[in-house]
Amino acid sequence: MPDFPTFDHWFPPDQPPERRPAPAYTLRHPREDDLAALEERLRDWSDQRGPVGPGRAWSRHVAGTSWLAEADAGGRALGLLLGFTSPDHPDEAVIQRLAVDPEFRRRGIGRALVGRFAETQAGGGAARLTASCRPDDHPALGFFAALGFTPNAGPGSRRLYGVPAFENW
């Protein structure tokens, strides 16, 4: 019927978010004082309950294998990757935590952090890259899937939230 409103009138079609470029930033290893200062920012970036900060052990012992994305103007932290080489499996590099400021997501910062971590770990002999992620964190699962990661469906796993996962891990 002419001039009859359609559903698009009431519910406009979803448009993908505008993709703006990331501000100029550098990647560097965090220092002990960086991670302590980031604890409050990480709480703002996360929807996770409980302590979200990396803890002193991370800032003291694993900062050399972790990466921080920092804005060139003002030194504002934009993202953080906490990772390490597995002590029991030296050919495996592990991403334990990846966080990007929500204001700067979808701008390539997370991909750059993972890329730099993978590059440096491969240079140190790691042949495999793994990441831990909650099975109910669908944005993170989508991000890692876009980078080529697949859920571990090995022995001991079971489907949680529709994804192969390990309970209490």
Side-chain angles (χ1 to χ4, degrees), residues 16-87 92-122 124 126 128-152 160-169:
E18 180 184 337
R19 215 143 169 168
R20 296 175 294 172
Y25 64 91
T26 56
L27 299 178
R28 65 173 177 82
H29 294 294
R31 294 180 300 269
E32 195 169 344
D33 57 334
D34 290 325
L35 294 177
L38 268 173
E39 189 162 334
E40 191 62 38
R41 300 245 11 238
L42 286 169
R43 191 176 329 289
D44 293 340
W45 298 355
S46 176
D47 60 354
Q48 186 176 325
R49 292 185 199 142
V52 296
R56 184 158 168 34
W58 278 102
S59 61
R60 183 116 175 112
H61 302 290
V62 192
T65 55
S66 299
W67 290 94
L68 176 69
E70 185 175 65
D72 289 343
R76 177 181 177 185
L78 304 177
L80 174 70
L81 182 147
L82 298 175
F84 59 93
T85 304
S86 171
E92 187 173 317
V94 181
I95 297 172
Q96 182 63 33
R97 178 110 192 233
L98 177 64
V100 175
D101 185 331
E103 183 180 339
F104 298 102
R105 289 183 185 158
R106 301 188 55 83
R107 298 190 193 186
I109 295 170
R111 184 180 293 268
L113 286 164
V114 172
R116 179 65 61 88
F117 177 72
E119 177 185 306
T120 57
Q121 290 295 310
R128 182 178 156 168
L129 183 61
T130 63
S132 61
C133 180
R134 292 187 343 247
D136 63 340
D137 190 348
H138 295 290
L141 289 169
F143 170 78
F144 284 120
L147 293 179
F149 287 81
T150 57
N152 182 348
L160 299 171
Y161 302 98
V163 177
F166 297 88
E167 280 187 284
N168 300 322
W169 189 67

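Only heavy atoms go into these numbers, but all of them, side chains included; no hydrogens, no water, no symmetry mates. Start at 1 with the first residue, then count along the sequence.
What you find for Pro30 and Leu80 is that their closest heavy atoms are CG-CD1, 4.3 Å. Closest heavy-atom contact between Tyr25 and Leu78: CB-CD1, 3.8 Å. Pro135 approaches Leu160 most closely through the heavy-atom pair CB-O, 3.6 Å. The two residues Leu113 and Gly79 come nearest to each other via the heavy atoms CD1-C, 3.8 Å.
Between Leu147 and Arg111 there is a side-chain heavy-atom pair separated by less than 4.5 Å. Counting heavy atoms from C-beta on, the side chains of Arg107 and Pro23 come closer than 4.5 Å.
Taking CD1 from Ile95 and CG from Leu129, the interatomic distance works out to 4.5 Å, rounded to the nearest 0.5 Å. Separating the OG1 atom in Thr65 from the CZ atom in Phe117 is a distance of 6.0 Å, to the nearest 0.5 Å. Between the OG1 atom in Thr150 and the CG atom in Leu141 there is a gap of 11.5 Å [rounded to 0.5 Å]. Summarising the geometry, atom CG belonging to Leu98 is positioned 5.0 Å from atom CZ belonging to Phe144; distances are rounded to the nearest 0.5 Å.
Evaluation of the side chain to side chain donor-acceptor pair (under 3.5 Å) rule for Arg116 yields no partner, not counting sequence neighbours. Legend: residues meeting side chain to side chain donor-acceptor pair (under 3.5 Å) with Glu103, ordered by chain and number and at least two apart, are Arg76. Taking Arg31 as the reference, Asp33, Asp34 meet the salt bridge (charged side-chain N to carboxylate O under 4.0 Å, His left out) condition, with sequence neighbours excluded. With sequence neighbours left out, Phe143 forms a ring-ring contact (aromatic ring centres under 6.0 Å, His included) with no residue at all. Every side chain to side chain donor-acceptor pair (under 3.5 Å) that Asp136 has, sequence neighbours left out, goes to Arg134. For Thr85, the side chain to side chain donor-acceptor pair (under 3.5 Å) partners two or more places apart in sequence, or in a different chain, are Gln121.
Side chain of His29 to main chain of Ser66: a donor-acceptor pair is present (N/O by atom type, distance under 3.5 Å, no hydrogens or angles).
A 6.0 Å sphere centred on CZ of Arg128 holds no more than 12 heavy atoms belonging to other residues, nucleotides or ligands.
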task = Could you walk me through whether Thr130 and Asn152 pass side chain to side chain contact (heavy atoms under 4.5 Å, CB included), step by step?
result = CA-CA 9 Å; Thr130 63; Asn152 182 348; over 6 Å; no
